[in-house]
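This report refers to the structure that appears directly beneath it.
Residue numbers start from 1 in every chain, and the chains themselves are labelled A, B, ... in the order their sequence lines are given, proteins ahead of strands.
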Protein chains: 2
Amino acid sequence: MNVATDSPRRQELIRVAARLFMQQGFDRTTVRMLADAMGIKSGSLFHHFADKQEILCAVIEDSTRNALVSARKAVSRADATSRSQLLALARVHLDTLHDDRHAHGVALYEWRRLNDEDREHLTHLRDAYEALWYQVIDEARQAGLVQGDSAIVTRFALGALNWTARWFDPDGPMDTARLADELVDMILIPSP
Amino acid sequence: MNVATDSPRRQELIRVAARLFMQQGFDRTTVRMLADAMGIKSGSLFHHFADKQEILCAVIEDSTRNALVSARKAVSRADATSRSQLLALARVHLDTLHDDRHAHGVALYEWRRLNDEDREHLTHLRDAYEALWYQVIDEARQAGLVQGDSAIVTRFALGALNWTARWFDPDGPMDTARLADELVDMILIPSP
DNA sequence: AGCATAACCAAGCAAGCGCTAGGCCTGTTG
DNA sequence: CAACAGGCCTAGCGCTTGCTTGGTTATGCT
């Protein structure tokens with residue numbers, strides 16, 4: 001077992017696993033399916049991961065960490081106005097969500113299959129992401145652009161966006177930028 | 001096998017199954033766990049259901065059908081104004097969601113474990129529910145109380161509400177009525 | 001009494017599961 | 001050259017899974 005290394009082979013496996021976990025769910029994806037999809041035998045998987053749980057954790061951790069980095073970049077690049085920052089957050093959220101949609105789908109749908117240890121660890125990552133949103137939304141509230149409680153609005157916003165994973169078709173007529181606009185319009189009080 | 005009847009015993013099983021499916025997930029809940037929780041042997045389960053899949057389908061169908069009935073009642077009882085109707089919908093949505101939270105949690109989390117046949121059947125039910133929301137929101141838009149596309153706003157609203165299943169604590173300091181107020185305030189343009 | 005039916009049990013089958021053990025190549029390093 | 005390590009394979013162990021079969025018991029109807 002070579003478990004802790006970050007080899008390219010391991011990265012590739014995480015990508016493949018994300019796809020299968022999304023298509024069939026974690027519990028129904030067997031180690032043999034994963035191995036087949038990689039062109040190796042099932043036993044060889046455990047050269048890269050200690051157990052199946054670790055693969056799930058790696059899939060979610062990778063994608064979440066990546067989303068956090070992208071979101072921070074987007075905020076720092078955007079104009080200082082609340083509307084611009086919020087729009088930047090919404091856009092990059094939808095883009096990462098539907099771009100790396102297998103892995104993020106896993107993070108959304110298979111969260112509860114994590115064991116307690118991994119879940120706690122990943123909760124901190126997710127909290128950091130949510131804190132970024134809270135910060136931007138609370139600034140908007142202080143500027144009078146948002147009514148209501150910032151924490152609730154933050155969670156409503158993230159819920160609305162994450163729910164798009166269930167109905168939005170990236171290959172359809174609508175694009176993510178349009179969705180982001182609609183979300184920001186819904187949250188912010190219209191400036192006359 | 002007595003499969004199609006609607007005996008009280010079957011109803012009780014559906015309730016128990018909802019709890020276990022929510023706590024451990026569908027795939028990790030074995031027929032032996034279900035039987036234990038009911039005080040019977042695993043084989044006896046198949047007197048009430050053709051297979052395990054049918055139990056999942058029954059859990060989701062029951063709760064969804066119930067939610068649809070409640071929502072229709074709430075709309076017909078509310079004042080004719082858009083705000084009242086939307087508020088009524090949001091309140092009853094959150095109440096059924098957190099009241100019958102095991103079953104609705106299953107509908108949200110375990111949707112993808114349905115087989116194709118069952119899923120299509122239940123999609124129609126869910127569409128009917130969504131249509132009710134669309135109707136109310138589109139009327140609000142025609143009255144100038146909502147900006148943006150009605151279909152998108154509808155899905156944003158339902159996403160925001162369903163997401164509460166992940167963070168809202170019914171035993172905490174906040175109540176569902178407050179949440180419903182916040183949602184309606186977020187969706188409707190503030191009346192001056 | 002005679003019968004039907006619903007609800008359940010005991011026992012177990014065939015398949016599939018995660019994971020392990022030990023060994024085989026191949027390329028890199030001293 | 002030898003030593004090593006990363007990546008993989010073969011073979012299979014021990015266990016759990018959903019589900020089946022044939023039979024038993026309790027209840028109520030005629």
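- Rounded to a whole Å, the CD atom of B:Gln53 is 16 Å from the P atom of D:dT17.
- Listed by residue number, the members of residues 21-35 of chain A with any heavy atom below 4.0 angstrom from DNA chain D are A:Arg32.
- Proximity of A:His47 to the phosphate of D:dA5: no side-chain N or O atom is located under 4.0 Å from OP1 or OP2.
- Distance A:Phe49 CZ to D:dC8 P: 12 Å, rounded to the nearest Å.
- Among the atoms of the strands shown, only primed sugar atoms or phosphate atoms (P, OP1, OP2) are found under 4.0 Å from some heavy atom of B:Lys52.
- A salt bridge is absent between B:Asp181 and B:Arg83: the closest approach of a Lys/Arg side-chain nitrogen to an acidic carboxylate oxygen does not fall below 4.0 angstrom.
- Looking at B:Thr123 and B:Arg119, their side chains come closer than 4.5 Å, going by heavy atoms from C-beta outward.
- Following rounding to the nearest Å, A:Lys41 (NZ) and C:dC25 (P) show an atom-to-atom distance of 17 Å.
- For the pair B:Gly39 and B:Ser42, nearest-nucleotide mapping onto DNA chain C gives the more 5' position to B:Gly39.
- For the pair A:Leu45 CG and C:dA21 C1', the interatomic distance rounds to 16 Å; values are reported in whole Å.
- Note on B:Arg28 versus A:Glu110: no salt bridge recorded, every NZ/NE/NH1/NH2 to OD/OE distance being 4.0 Å or above.
- A:Arg112 CZ: more than 12 foreign heavy atoms inside a 6.0 Å radius.
- One atom, CD1 of B:Ile40, and another, P of C:dA10, lie 12 Å apart when rounded to the nearest Å.
- Aromatic ring orientation, B:Tyr129 versus B:His93: tilted (interplanar angle from 30° to 60°).
- Rounding to whole angstrom units, CD of residue B:Glu12 and P of C:dA6 are separated by 18 Å.
- Under the 4.0 Å criterion applied to side-chain N and carboxylate O atoms, A:Arg126 and A:Glu130 are not assigned as salt-bridge partners.
- OP1 or OP2 of C:dC8 sits under 4.0 Å from a side-chain N or O of B:Arg9.
- Residue B:Ser44 places none of its side-chain N or O atoms closer than 4.0 Å to OP1 or OP2 of C:dA7.
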